[in-house]
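Data block below; observations after.
Keep in mind the model is a prediction, meaning the values are calculated, not measured.
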Amino acid sequence: MNKVKSNKLLQDSFWAIFGNILSKGLSLLSGVLVARFLGSEVFGQFGIIKNTLMTSAIFATFGLGYTATKYVAENKTKKNEYLGIVLKYSQLITFGFSFILAFLVFIFSNYFAKNILDEIELSLPLKVAAIYIVFNAVNTTQIGIISGYGGFKKMTKINFYVGVFTFIITTILSYFFTLYGALISLILSQIFNWFLNYKLINNYKKEYKNVTNSVVFSRKIFQEILIFSLPIALQEAIYSISSWGVNIILVTFATFSEVGVYSAAMQWNVIILFIPAILRNVILSHFSENTNNEKQKNKILKRIVLFNFLITFIPYILIVVFSGFISGFYGTSFSRMGDVLPVLVLSSVFLSMSNVYTQAYLSSSRNWEMLFLRIFRDLGILIVCYMMVSNNFKNLPSSVLVALGIVVLNFLFFIIMALNYHTKIFLKWK
């Protein structure tokens, strides 16, 4: 018992998980209620708008969430220039990029709605929700900073407050104002989250007392941080394009209703991945602290891969068994969800294990290798999904075909990245 209490990785993992159980549970419940309130057609519209906004927000972070975790973890107790520059410029760059992207979404919303979504009525909702991009992107970088400080226990409270707040406003606004209510609740929850993160980061600055208010700009450190972040930013951009592209394929060759079914199934994919996703920053923080201790690093790697497999495979089996029962909660317009769910959720098992290797690559500064591996997976998903859906493969529903493509590519991605990490059989990047 004393050994468990003294294990910092276990403690950080516990608080990271505990703080998100209620939050994600409420998120799933509110997602089911929103789906029932909106129906599959409007929920599909909500899904494509949300995916467009999240795609832009992911790209806008420029990979600085992971960069902040690594540099803060390595320098939080040291008196050097790194910490102040990371804290200041990671948030400034994220804000700048996200603001520009939000402005572009606002300006080109008419073109996007008319020519890509073929639904001009979605132009105004896109304009209304564009500000979401800024707060979501900044929140991602803030979480990276807090993770670098090891503030997983304190993030527990934040996730609890945000989860309860989001559930309440999402349920109420979606019920009374349908699509606009759901979008406004997304924005309000991100603003609330940003405020709590902002207060916590300021508390850490006061606690560690090694960050001055006047940060002297260092071109050398700034360039080092950007060089480290660039391949991560490119990875995020490719992932964003792939994720968004899958939804566009469904809209183009099927209907918004099919997007709605796919989006509803993705909710369960996200729920299964919530523990591995939460642990990403915990793992990166501990990998970074053991940069020069390869034996300890590999020990952590093996344990977390096994843990992630078990924590996703067991829920996957339960979801497969009760898939018909689950789809019934969403209403009659989601009847096809029972076919999509067992296939799509399988991808979460492979993705959870590959996420561990992603953090290992990042902590070892093998970012460019990760970039090429991610290109293989994300563009591969787009190509495979497009070919199967456009050719109506086996006359299966489009959402099922997309799910199959995602499963196959995530399986291959995990195998290749694990082999390459240990043997460099595919890529030899110095």
Side-chain angles (χ1 to χ4, degrees), residues 9 13 63 66-67 69-70 228-243 246 269 272-273 275-277 279-314 316 343-385 387-388 403-430:
L9 175 62
S13 300
Y66 293 117
T67 303
T69 298
K70 175 179 169 60
F228 180 86
S229 299
L230 179 59
I232 303 175
L234 292 174
Q235 291 174 38
E236 298 296 336
I238 293 167
Y239 171 77
S240 300
I241 293 170
S242 175
S243 177
V246 165
N269 208 39
I272 285 188
L273 283 170
I275 291 179
L279 292 182
R280 283 185 301 184
N281 286 328
V282 177
I283 297 164
L284 179 55
S285 179
H286 283 268
F287 278 162
S288 298
E289 290 172 357
N290 290 281
T291 301
N292 299 319
N293 188 345
E294 199 64 30
K295 184 177 180 181
Q296 179 64 17
K297 194 173 175 180
N298 285 329
K299 189 176 180 181
I300 294 172
L301 176 66
K302 291 176 183 177
R303 287 179 177 177
I304 299 296
V305 168
L306 177 60
F307 174 81
N308 277 13
F309 171 75
L310 294 174
I311 207 69
T312 52
F313 187 72
I314 294 171
Y316 164 70
V343 181
L344 185 60
V345 172
L346 179 59
S347 67
S348 64
V349 178
F350 305 123
L351 192 56
S352 71
M353 294 186 289
S354 64
N355 279 342
V356 183
Y357 278 98
T358 296
Q359 309 315 308
Y361 276 90
L362 293 177
S363 65
S364 301
S365 297
R366 294 169 62 177
N367 302 1
W368 290 101
E369 290 180 52
M370 269 303 305
L371 172 61
F372 287 111
L373 292 171
R374 289 281 292 269
I375 288 173
F376 163 77
R377 184 195 68 180
D378 295 334
L379 294 187
I381 287 174
L382 267 184
I383 293 169
V384 170
C385 289
M387 291 177 64
M388 289 199 299
L404 283 170
I406 292 173
V407 169
V408 171
L409 266 299
N410 273 301
F411 171 72
L412 292 175
F413 177 63
F414 167 65
I415 297 298
I416 292 173
M417 74 182 308
L419 287 174
N420 185 68
Y421 181 81
H422 295 292
T423 65
K424 291 193 177 183
I425 191 171
F426 299 105
L427 295 172
K428 293 184 179 181
W429 193 277
K430 185 69 177 175

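With values rounded to the nearest 0.5 angstrom, I415 atom CD1 is found 7.5 Å from M353 atom CE. Atom CZ of R377 is separated from atom CG of L373 by 10.0 Å, given to the nearest 0.5 angstrom. Expressed to the nearest 0.5 Å, how far CD1 of I272 lies from CG of L351 amounts to 11.5 Å. With rounding to the nearest 0.5 angstrom, the CD1 atom of I241 is 9.5 Å from the CG atom of D378. Put simply, CD on Q235 and CG on L230 are 10.0 Å apart, with the number rounded to the nearest 0.5 Å. Going from atom CG of L306 over to atom CD1 of I311 covers 11.0 Å, rounded to the nearest 0.5 Å.
Residues V345 and N269 share a closest heavy-atom pair of CA-OD1, 3.5 Å. Heavy atoms only, all atoms of each residue included: G380 and L409 are closest at C-CG, 3.8 Å. Closest of all the heavy-atom pairs between G405 and C385 is CA-SG, 4.3 Å. Nearest approach of N308 to T312, heavy atoms of both residues: O-OG1, 2.7 Å.
Ring geometry, F313 versus F309: the interplanar angle falls under 30°, so the pair is classed parallel (tilted spans 30 to 60°).
For Y361, the side chain to side chain donor-acceptor pair (under 3.5 Å) criterion is met by N420, not counting sequence neighbours. By the side chain to side chain donor-acceptor pair (under 3.5 Å) test, Y239 is found to be paired with no residue, residues two or more places apart in sequence or in another chain being considered.
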Please determine whether side chain to side chain contact (heavy atoms under 4.5 Å, CB included) holds for the pair Q359 and T69, giving the CA-CA distance in whole Å, both sets of side-chain angles, and the decisive distance to 0.1 Å. CA-CA 11 Å; Q359 309 315 308; T69 298; over 6 Å; no
Yes or no on side chain to side chain contact (heavy atoms under 4.5 Å, CB included) for Y421 and M370, after CA distance, side-chain angles and deciding distance? CA-CA 10 Å; Y421 181 81; M370 269 303 305; over 6 Å; no
Walk me through it: do F376 and L412 pass the test side chain to side chain contact (heavy atoms under 4.5 Å, CB included)? CA-CA 10 Å; F376 163 77; L412 292 175; 4.2 Å; yes
Evaluate the side chain to side chain contact (heavy atoms under 4.5 Å, CB included) criterion for residues T358 and M417: first the C-alpha distance (whole Å), next the side-chain angles of each, then the deciding distance (0.1 Å), finally the verdict. CA-CA 8 Å; T358 296; M417 74 182 308; 3.7 Å; yes
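Looking at I300 and Q296, their side chains come closer than 4.5 Å, going by heavy atoms from C-beta outward. Contact annotation: the side chain of V349 never approaches that of F414 to less than 4.5 Å [non-hydrogen atoms, C-beta and beyond]. Counting heavy atoms from C-beta on, the side chains of L404 and V408 never come closer than 4.5 Å. Within the 4.5 Å cutoff, the side chain of F350 has heavy atoms near those of the V407 side chain.
Considering S352, S348, S347 as possible partners of N410, the one that fulfils the side-chain contact (heavy atoms from CB on, under 4.5 Å) test is S347.
With hydrogens and angles ignored, the 3.5 Å screen pairs no side-chain donor or acceptor of R374 with any backbone N or O of L234.
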